[in-house]
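See below for the structure under consideration.
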Amino acid sequence: MKVELIDVSLRDGNQSVWSAMGITTRMMAGVTPHLDEVGYRAIELLSSTTMATAVRYHREDPWERIRVARDRLPNTQLGFLTTGKRFITFHRTPDAVFELAFTLLARHGIRRLWVIDPMHDMAGAQRTAEMAKRVGFEEVVGGICYTTSPVHTDEYYAARTAELDAGGAFDSVYLKDPAGLLTPERVRSLVPMLQSSLSRLQLAEIHSHSTTGVSPLTVLDAADLGVPTIHCALPPLADGPSHPQAQQLVTNLRARGHEVDVDVDAMNRASAYLTRQARIKNLPVSSPAQYDEAYYRHTIPGGVQSTTRRQLAEIRRPELFDAVIEESVQVRQDLGWPIVMTPFAQYIVTQATLNVITGERYKQISDEVIDLLRGDFGPLPGEVNPELLDRALSTRRGRQPVNDGGDITIGELRRRFGKSISDEELLLRAVMPADQVDAMYRAARDKPAATIQRLLDTVSGSSATAISVSDGTTAFSLARAGGTP
């Protein structure tokens, strides 16, 4: 069978190994020409999380980052991942803001959208897909999010898959394993059941993290069962909490008799560039994970674990990590077994952290958990701890009506943030703190002056008589007058 590959290094690899903060616009500009030569089915370029980190930590314009990638990937479809009913913010995002975001993504060259509803609200996922098609996305893929719990059985997943199949806006279905829990044995029972529940669509992709070390085998079995597309990543952003290493995956697929039409040399060039950047910037290099049976208890994805470690270190309590992960097991059960992926993984871990720090379970309940219990994201899959539910719904926030996504219009946002700003700036201001957006735009305004100063310093501090810089469209030159300083 012919098997195609989707690269997730820039989004999920970056998020899983580098806490979503490693990739910069400059790095994207350097690696994307090599990625374009590989022959990927598509590239998962970014999510709202990586857009936010571009602004928050690098003071870089995420729209410029998309344009940089688009211009350097003319032969490869670019994709965006949307999870649940949120965009950047961890609260439910108004529908009008979502539609503006999708419109801008399509306008800037994103053609594919993966739609994931971690609560498996397939009616909500269908509305998201319809919105995406309406504003210009060419391909919309609906996700089945895998996890393990007493309620997440093969039959449960087959029923949710049938709901996706009944919706008219999806082009295919994919099986997403964000915590790396799928085993070859489970794939051999689950994939045929999902395939049998589809009459219109195809189970076209599998996305499985390598957190437990078994996904390189799991995805091979999925290919043997007829799943034609596999998500993978490149070193240093492969393996561990990320995805199967692309080069070895190609070797293994071919060894099993599958046809994989990709340029491995181009993969190696892209990988070499990313590895060089990791060394220069002192970023971690991921490696294959040792099997950890305890992982199947807490199921916290690798990206969330790395972010939790960083955040605990920032508040000078790194020693609490193990206790927080252990507490998350009870929190998840009390919440009715939500799947442990964005944003609910963060909700669970945040609540577990509050429980550990305060020393009392649910003494303080996060706003996000109250929203979850209130029903903003749809019904929870299992039974909720009644004491926790009563405590959450008795708070002021818990007594507020369910947020159905229709509470804000673009007109209201224009009145709040300004009628003359661009759509791109309006969206960022609608979902991010003002000081972070302001800092990003200040950095952009200061950038030309800083560049000119560096050129002046270079000329004055060297024996050169002239210096020229060009980005391919604009040239800038400096020279000493008369050849003297």
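Only heavy atoms go into these numbers, but all of them, side chains included; no hydrogens, no water, no symmetry mates. Sequential numbering from 1 along the given sequence is applied to the chain's residues.
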Pairwise side-chain contact, [X] with [Y], heavy-atom cut-off 4.5 Å (strictly under):
X	Y	result
Leu5	Met267	yes
Leu220	Leu253	yes
Ser366	Tyr347	no
Thr82	Phe102	yes
Met432	Met440	no
Met193	Thr161	no
Val331	Asn355	yes

The test is side-chain contact (heavy atoms from CB on, under 4.5 Å); show your working for Arg92 and Asp371 and say whether it passes. CA-CA 8 Å; Arg92 177 160 180 168; Asp371 292 347; over 6 Å; no
For the pair [X] and [Y], find out whether any cationic side-chain nitrogen is under 4.0 Å from an anionic carboxylate oxygen.
X	Y	answer
Glu139	Arg41	yes
Asp95	Lys85	no
Arg374	Asp367	no
Arg112	Glu205	yes
Arg134	Glu99	yes
Arg127	Asp117	no

Please evaluate residues Arg256 and Asp221 with respect to the criterion salt bridge (charged side-chain N to carboxylate O under 4.0 Å, His left out), reporting the C-alpha separation (whole Å), side-chain torsions for both, the decisive distance (0.1 Å), and the verdict. CA-CA 10 Å; Arg256 288 205 180 188; Asp221 280 5; 2.8 Å; yes
Which residues share a side chain to side chain contact (heavy atoms under 4.5 Å, CB included) with [X], sequence neighbours left out:
X	answer
Ala266	Glu37, Val38, Asp263, Arg269
Asn385	Asp334, Glu387, Leu388
Thr147	His152, Tyr157, Leu181, Arg332, Ile339

Using a cut-off of 6.0 Å, state whether more than 12 heavy atoms not belonging to [X] lie near its atom [atom1].
X	atom1	result
Arg188	CZ	yes
Glu319	CD	yes
Glu130	CD	yes

The test is side-chain contact (heavy atoms from CB on, under 4.5 Å); show your working for Gln305 and His298 and say whether it passes. CA-CA 11 Å; Gln305 289 191 53; His298 62 74; 3.8 Å; yes
Checking ring pair (Phe, Tyr, Trp, His ring centres under 6.0 Å) for the pair Phe80/Phe137: CA distance, chi angles, key distance, verdict? CA-CA 10 Å; Phe80 184 91; Phe137 279 87; 7.6 Å; no
Nearest heavy atoms of [X] and [Y], plus distance in Å:
X	Y	value
Pro236	Val285	CB-CG1, 3.7 Å
Ser208	His243	O-ND1, 3.4 Å
Met1	Val227	CE-O, 3.5 Å
Gly84	Phe98	O-CZ, 3.9 Å
Ser286	Asp239	OG-O, 3.1 Å
Arg65	Ile23	NH1-O, 3.2 Å

Apply the test side chain to side chain donor-acceptor pair (under 3.5 Å) to residues Asp376 and His91: give CA-CA distance (whole Å), side-chain angles for both, the deciding distance (0.1 Å), then the verdict. CA-CA 9 Å; Asp376 283 11; His91 300 293; over 6 Å; no
Can you name the salt bridge (charged side-chain N to carboxylate O under 4.0 Å, His left out) partners of Asp165, sequence neighbours left out? none
For Glu138, what residues pass the salt bridge (charged side-chain N to carboxylate O under 4.0 Å, His left out) criterion, not counting sequence neighbours?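 Applying salt bridge (charged side-chain N to carboxylate O under 4.0 Å, His left out) to Glu138 gives Arg111.
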Starting from the C-alpha separation in whole Å, work towards a yes-or-no answer on side chain to side chain donor-acceptor pair (under 3.5 Å) for Asp224 and His258. CA-CA 8 Å; Asp224 291 345; His258 297 289; 2.7 Å; yes
Would you sort out whether His231 and Tyr174 count as a side chain to side chain donor-acceptor pair (under 3.5 Å), showing the intermediate values? CA-CA 10 Å; His231 292 209; Tyr174 87 122; 5.8 Å; no
Going by the side chain to side chain contact (heavy atoms under 4.5 Å, CB included) test, name the single residue among Thr183, Thr153, Asp154 that passes it with Leu190. Asp154
Could you walk me through whether Leu10 and Leu46 pass the side-chain contact (heavy atoms from CB on, under 4.5 Å) test, one step at a time? CA-CA 7 Å; Leu10 300 178; Leu46 73 170; over 6 Å; no
Could you walk me through whether Leu225 and Leu203 pass the side-chain contact (heavy atoms from CB on, under 4.5 Å) check? CA-CA 10 Å; Leu225 291 164; Leu203 180 61; over 6 Å; no
Does Asp12 form a side chain to side chain donor-acceptor pair (under 3.5 Å) with His207? I'd like the steps, not just the answer. CA-CA 10 Å; Asp12 211 354; His207 171 112; 3.0 Å; yes
Side chain to side chain donor-acceptor pair (under 3.5 Å) with His108: which of Arg70, Glu64, Glu424? Glu424
Test of understanding: with ring-ring contact (aromatic ring centres under 6.0 Å, His included), list the residues that count as partners of His58, not counting sequence neighbours. none
Does the pair Arg361 and Glu327 meet the rule for a salt bridge (charged side-chain N to carboxylate O under 4.0 Å, His left out), with working shown? CA-CA 9 Å; Arg361 192 165 284 158; Glu327 177 64 14; 2.8 Å; yes
